[in-house]
Amino acid sequence: MDWEPLIEAATTVRERAYAPFSSFLVGSAVLMSDGSVHVGCNVENRTFGATICAERVAVTSAVAHGARRLEAVVVVTDTDPPAPPCGICREVLTEFGHPDVPVLAVSTQGTRRETRLGDLLPQAFDFSHWGHNT
Ligand code: THU
């Protein structure tokens, strides 16, 4: 796995985060199975609840571009240790990626922590739990 292009893309988009309330800038890049890379930053809202995280912006952008199969995820923050995806983002990423998809959390100071979607969200709710047959 060549992480460098994804880290560079996530680091660049992080600078575009709209985070006037938390001042916590997050950048994300996702690699899809068709080879495309999509990026996202967090976009906060004055209602707080309407805030959307960087990872969800990245993966929803991928879907809007026609790519649905997730292969890898990078999240960049300026914290050390770097921040992993939040719970809602774990759910949304799991919608498009299998449990082995690697997730790399990166600090702008250089620390990297690699994990997998299945470790971040074990025993995920899926179609088999409600009898859906696709
Ligand atoms: N945030 C993300 O963008 N991704 C995460 O996985 C965790 C949190 C953002 C949301 C909010 O704008 C700020 O970080 C503080 O929670």
Side-chain angles (χ1 to χ4, degrees):
M1 179 67 209
D2 179 13
W3 288 109
E4 301 316 314
L6 291 178
I7 293 171
E8 194 180 324
T11 302
T12 299
V13 72
R14 178 180 166 275
E15 296 295 326
R16 296 186 208 128
Y18 176 73
F21 306 107
S22 72
S23 299
F24 186 59
L25 311 185
V26 186
S28 179
V30 294
L31 172 67
M32 308 305 285
S33 63
D34 63 0
S36 62
V37 173
H38 305 268
V39 297
C41 57
N42 52 329
V43 180
E44 296 187 345
N45 185 265
R46 61 191 67 178
T47 65
F48 295 3
T51 291
I52 181 165
C53 295
E55 300 92 317
R56 276 178 286 147
V57 172
V59 77
T60 52
S61 175
V63 172
H65 281 88
R68 292 186 177 175
R69 201 137 53 86
L70 188 61
E71 293 289 334
V73 182
V74 166
V75 190
V76 175
T77 57
D78 67 356
T79 45
D80 198 349
C86 79
I88 297 174
C89 289
R90 293 175 195 203
E91 288 285 1
V92 174
L93 293 168
T94 298
E95 183 76 24
F96 300 103
H98 55 76
D100 287 336
V101 165
V103 178
L104 186 69
V106 179
S107 157
T108 52
Q109 290 101 304
T111 307
R112 298 180 183 190
R113 290 218 170 145
E114 185 173 339
T115 181
R116 296 194 179 270
L117 261 186
D119 296 323
L120 291 172
L121 188 64
Q123 299 182 39
F125 175 78
D126 66 33
F127 289 146
S128 66
H129 298 113
W130 58 285
H132 190 81
N133 286 321
T134 55

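Counting starts at 1 for both ligands and their atoms, in listed order.
- In this structure, of Ala58, Cys86, Ala83, Ala54, the residue bringing a heavy atom nearest to atom 3 (O) of ligand 1 is Ala54.
- Separating the CZ atom in Phe24 from the CZ atom in Arg14 is a distance of 8.0 Å, to the nearest 0.5 Å.
- The CZ atom of Arg116 lies 11.0 Å from the CG atom of Leu104; values are rounded to the nearest 0.5 Å.
- Using the six-membered ring where Trp is involved, Phe21 and Tyr18 have ring planes that are perpendicular, over 60° apart on the 30 and 60° scheme.
- Atom 1 (N) of ligand 1 is flagged as protein-proximal [any protein heavy atom, distance under 4.0 Å].
- Nearest protein heavy-atom contact of atom 8 (C) of ligand 1 is Cys53 SG, 3.8 Å.
- From the protein, the heavy atom lying nearest to atom 9 (C) of ligand 1 is Asn42 ND2, 3.6 Å.
- One distance of note links CZ of Arg16 with CG of Leu25; it measures 12.5 Å at 0.5 Å rounding.
- Given atom 16 (O) of ligand 1, the protein heavy atom at minimum distance is Phe24 CD2, 4.7 Å.
- Annotation: atom 4 (N) of ligand 1 to nearest protein heavy atom, Glu55 OE1, 2.8 Å.
- When only non-hydrogen protein atoms are considered, atom 11 (C) of ligand 1 lies nearest to Glu44 OE2, 3.3 Å.
- The environment of Glu8 atom CD is sparse: at most 12 non-hydrogen atoms of other residues, nucleotides or ligands sit within 6.0 angstrom.
- For ligand 1, the atoms sitting less than 4.0 Å from at least one non-hydrogen atom of Ser22 are 13 (C), 15 (C), numbered in the order shown with element in parentheses.
- If you take CZ on Arg112 and CH2 on Trp3, they are separated by 9.5 Å, rounding to the nearest 0.5 Å.
- Between the OG1 atom of Thr94 and the CG atom of Leu120 there is a distance of 8.0 Å, given to the nearest 0.5 Å.
- Taking a cut-off of under 4.0 Å to the non-hydrogen atoms of Pro85, the atoms of ligand 1 that pass are 6 (O).
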